[in-house]
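Sequence lines set the chain letters: A, B, ... in the order given, protein chains first and strands last, and positions in each chain run from 1.
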2 protein chains.
Amino acid sequence: MDTKSYHHGNLRESLIEMGIKIISLEGDANLSLRKVASACGVSHAAPYAHFKNKDDLINAMQEHVAFEFSKALMHVIETCSRKEEILTYLGKAYVIFFMDNPHYFSFLFSRTEIMVDFSYNADPTNNYKPYEIYRQTAIQALTPTGISYEKMNDIIIAMFALVHGLASITTMKNTTYDEKWEDKIETILTLFSSGRKG
Amino acid sequence: MDTKSYHHGNLRESLIEMGIKIISLEGDANLSLRKVASACGVSHAAPYAHFKNKDDLINAMQEHVAFEFSKALMHVIETCSRKEEILTYLGKAYVIFFMDNPHYFSFLFSRTEIMVDFSYNADPTNNYKPYEIYRQTAIQALTPTGISYEKMNDIIIAMFALVHGLASITTMKNTTYDEKWEDKIETILTLFSSGRKG
DNA sequence: CTCACAATCTTTTCGCTGTCAAGATGGGCT
DNA sequence: AGCCCATCTTGACAGCGAAAAGATTGTGAG
């Protein structure tokens with residue numbers, strides 16, 4: 001905060017937040033270490049006291065955004081009153097998070113961290129990973145139906161792919177859709193499960 | 001071909017193909033005009049005789065890959081003998097195209113060209129655009145079911161999002177899945193329609 | 001045939017970038 | 001009080017996209 005002192009005092013956090021701000025406004029292509037440093041009122045090499053290199057800063061930024069994302073998902077899970085439609089609301093929150101910040105999508109999912117793990121021996125402690133959140137919620141929602149574990153696993157992957165695909169498409173550069181399209185998300189998300197019921 | 005002559009003779013096409021080769025091997029982050037030029041045995045400014053700037057070359061590369069992609073999809077449509085499962089096979093081809101070349105996915109769908117157009121007044125001449133190919137195939141496949149136009153439209157968007165989401169997930173950096181996971185794609189793709197039937 | 005033109009390619013230069021090395025600063029512990 | 005060392009600055013270097021200016025050569029008009 002004290003812009004005059006030689007030592008910034010909170011540079012590491014400031015760099016992360018400023019970097020995310022730039023990403024959200026201009027996208028990853030326009031992110032440079034020197035620009036972030038300058039925006040923090042600091043010389044171009046100052047970041048190297050806190051991060052090994054540019055990729056190291058980007059990883060920290062990604063963790064920060066991923067945590068915000070998981071918070072948005074968890075909030076829906078914890079406050080949803082109609083548990084029978086929780087997968088629809090969770091999916092809608094998933095899509096809307098990225099519609100609000102389109103640049104976050106490619107930023108989050110094109111980096112080194114494992115955001116999705118479909119392998120049989122996936123780490124169950126990946127609690128903050130989007131697919132793991134969706135998967136555990138879906139298991140709770142689908143278990144009462146008595147579907148076999150194998151089939152439930154496939155269904156969850158399919159529903160997650162549908163949600164993730166909608167997020168990918170709606171955040172694509174120059175993808176066009178009507179204004180009321182956002183209202184359609186819920187309808188589209190329910191198609192899978194309603195189709196399975198009827 | 002003649003590496004000694006002052007004039008390359010086929011530089012424009014060579015730059016496009018070499019650029020795509022670099023993308024497929026190293027991803028877009030490692031693509032530079034100078035590297036492409038050097039790989040073509042030409043000075044670093046030579047590309048400017050054929051392309052306005054780097055983005056112009058990238059657009060040409062994207063068109064080239066998009067055409068290859070549409071060819072792969074059209075080939076499935078034209079050679080599919082079991083028309084009742086054409087949407088499954090089309091979706092599988094969609095996913096496998098990008099599994100074979102993971103770097104193509106973000107490259108194709110993060111650029112300026114409109115690859116997906118969900119608006120009501122979408123240009124119907126976008127025949128080579130992936131969503132338009134999928135949509136027209138789906139209309140032919142679903143029309144006999146007698147579903148309303150409105151609902152069919154939503155269903156097609158949902159199925160396309162599922163397919164596109166699978167492609168996005170399977171090509172994500174560091175996404176892990178078992179070897180036999182590729183065999184599961186077909187199963188997962190059929191879940192939507194089989195759920196709707198049963 | 002020749003010769004000038006225009007397309008193509010090279011060289012040079014510029015500002016920006018990531019990264020590293022060396023030095024300056026000053027908060028906090030002994 | 002004085003030293004240490006994390007933090008920050010300055011300066012340098014190679015690689016990048018881009019533009020300007022000059023070199024080369026295929027080609028078509030005469």
Side-chain angles (χ1 to χ4, degrees), chain A residues 1-63 103 106-107 110-112 173, chain B residues 1-63 103 106-107 110-112 173:
Chain A
M1 295 300 176
D2 194 348
T3 56
K4 289 298 174 186
S5 66
Y6 189 92
H7 285 58
H8 183 283
N10 194 28
L11 184 55
R12 199 192 134 89
E13 285 305 310
S14 294
L15 289 169
I16 292 175
E17 289 170 14
M18 189 62 73
I20 292 172
K21 188 175 185 179
I22 293 176
I23 289 264
S24 70
L25 293 177
E26 313 175 29
D28 6 5
N30 295 92
L31 182 81
S32 78
L33 258 186
R34 294 169 105 104
K35 191 190 288 184
V36 179
S38 164
C40 289
V42 114
S43 80
H44 64 266
Y48 286 89
H50 301 277
F51 301 99
K52 217 184 69 192
N53 51 28
K54 185 184 182 183
D55 244 37
D56 198 26
L57 167 61
I58 288 180
N59 283 337
M61 289 162 52
Q62 187 204 350
E63 276 182 30
H103 290 302
S106 62
F107 174 63
S110 66
R111 293 286 157 187
T112 54
K173 198 188 259 179
Chain B
M1 292 300 171
D2 194 347
T3 56
K4 290 299 175 187
S5 66
Y6 189 91
H7 285 55
H8 183 283
N10 194 28
L11 184 55
R12 200 191 133 90
E13 284 306 310
S14 293
L15 289 169
I16 292 174
E17 289 171 12
M18 189 63 73
I20 291 173
K21 187 175 183 178
I22 292 175
I23 289 264
S24 70
L25 294 177
E26 312 175 31
D28 7 4
N30 294 92
L31 182 81
S32 78
L33 259 185
R34 295 168 104 104
K35 191 189 287 184
V36 180
S38 162
C40 289
V42 115
S43 84
H44 63 263
Y48 287 90
H50 301 276
F51 301 99
K52 216 183 72 193
N53 51 26
K54 185 184 181 183
D55 244 38
D56 198 26
L57 167 60
I58 288 180
N59 284 337
M61 288 162 51
Q62 187 203 351
E63 277 182 32
H103 290 301
S106 61
F107 174 63
S110 66
R111 294 285 157 188
T112 54
K173 197 189 256 178

Given side-chain contact (heavy atoms from CB on, under 4.5 Å), test A:Lys54 with A:Leu57 step by step and report yes or no. CA-CA 5 Å; A:Lys54 185 184 182 183; A:Leu57 167 61; 5.7 Å; no
Please tabulate the protein-to-nucleotide N/O contacts below 3.5 Å involving nucleotides 12-17 of chain D, giving atom names and distances.
from   : atom 1 : to      : atom 2 : distance (Å)
D:dC16 : OP1    : B:Ser32 : OG     : 3.3
D:dG17 : OP1    : B:Leu33 : N      : 2.8
D:dG17 : OP1    : B:Lys54 : NZ     : 3.2
D:dG17 : OP2    : B:Leu33 : N      : 3.0
D:dG17 : OP2    : B:Arg34 : N      : 3.2
D:dG17 : N7     : B:Arg34 : NH1    : 2.6
D:dG17 : O6     : B:Arg34 : NH1    : 3.1

Hey, could you give me the NE2/CD1 distance between A:His103 and A:Ile20, rounded to the nearest 0.5 Å? 14.0 Å
Looking at CD1 of A:Ile58 and CD1 of A:Ile16, how far apart are the two atoms once the value is rounded to the nearest 0.5 Å? 12.0 Å
Whole Å only: how far is the [atom1] atom of [X] from the [atom2] atom of [N]?
X       : N      : atom1 : atom2 : answer
B:Lys52 : C:dT8  : NZ    : P     : 18 Å
B:His8  : D:dT25 : NE2   : C1'   : 16 Å
B:Asn10 : D:dG26 : CG    : P     : 16 Å
A:Phe51 : D:dT7  : CZ    : C1'   : 14 Å
A:Asp55 : C:dC20 : CG    : C1'   : 17 Å

Let me check something: any side-chain donor-acceptor pairs from residues 40-53 of chain A under 3.5 Å, sequence neighbours excluded? List them with distances.
from    : atom 1 : to      : atom 2 : distance (Å)
A:Asn53 : OD1    : A:Asp55 : N      : 3.3
A:Asn53 : OD1    : A:Asp56 : N      : 3.0

Measure across A:Ser14 and A:His8 and return the closest heavy-atom pair with its distance rounded to 0.1 Å. OG-CE1, 3.2 Å
Selection from D:dA20, D:dT9, C:dC9 that lies nearest to any side-chain heavy atom of A:Ala45: D:dT9
Donor-acceptor contacts under 3.5 Å from residues 26-37 of chain A side chains, at least two apart:
from    : atom 1 : to      : atom 2 : distance (Å)
A:Glu26 : OE1    : A:Lys35 : NZ     : 3.2
A:Ser32 : OG     : A:Lys35 : N      : 3.0
A:Lys35 : NZ     : A:Asn30 : O      : 2.7

Whether each nucleotide of nucleotides 23-29 of chain C has a protein heavy atom under 4.0 Å at its base (B), only at its sugar-phosphate (S) or at neither (-) is summarised, 5' to 3', as BBBS---
Can you pull the salt bridge (Lys or Arg N to Asp or Glu O under 4.0 Å) pairs that have at least one residue in residues 39-48 of chain B, sequence neighbours excluded? none
According to salt bridge (Lys or Arg N to Asp or Glu O under 4.0 Å), does anything in residues 13-24 of chain B pair up with another residue at least two apart or in another chain? List the pairs. none
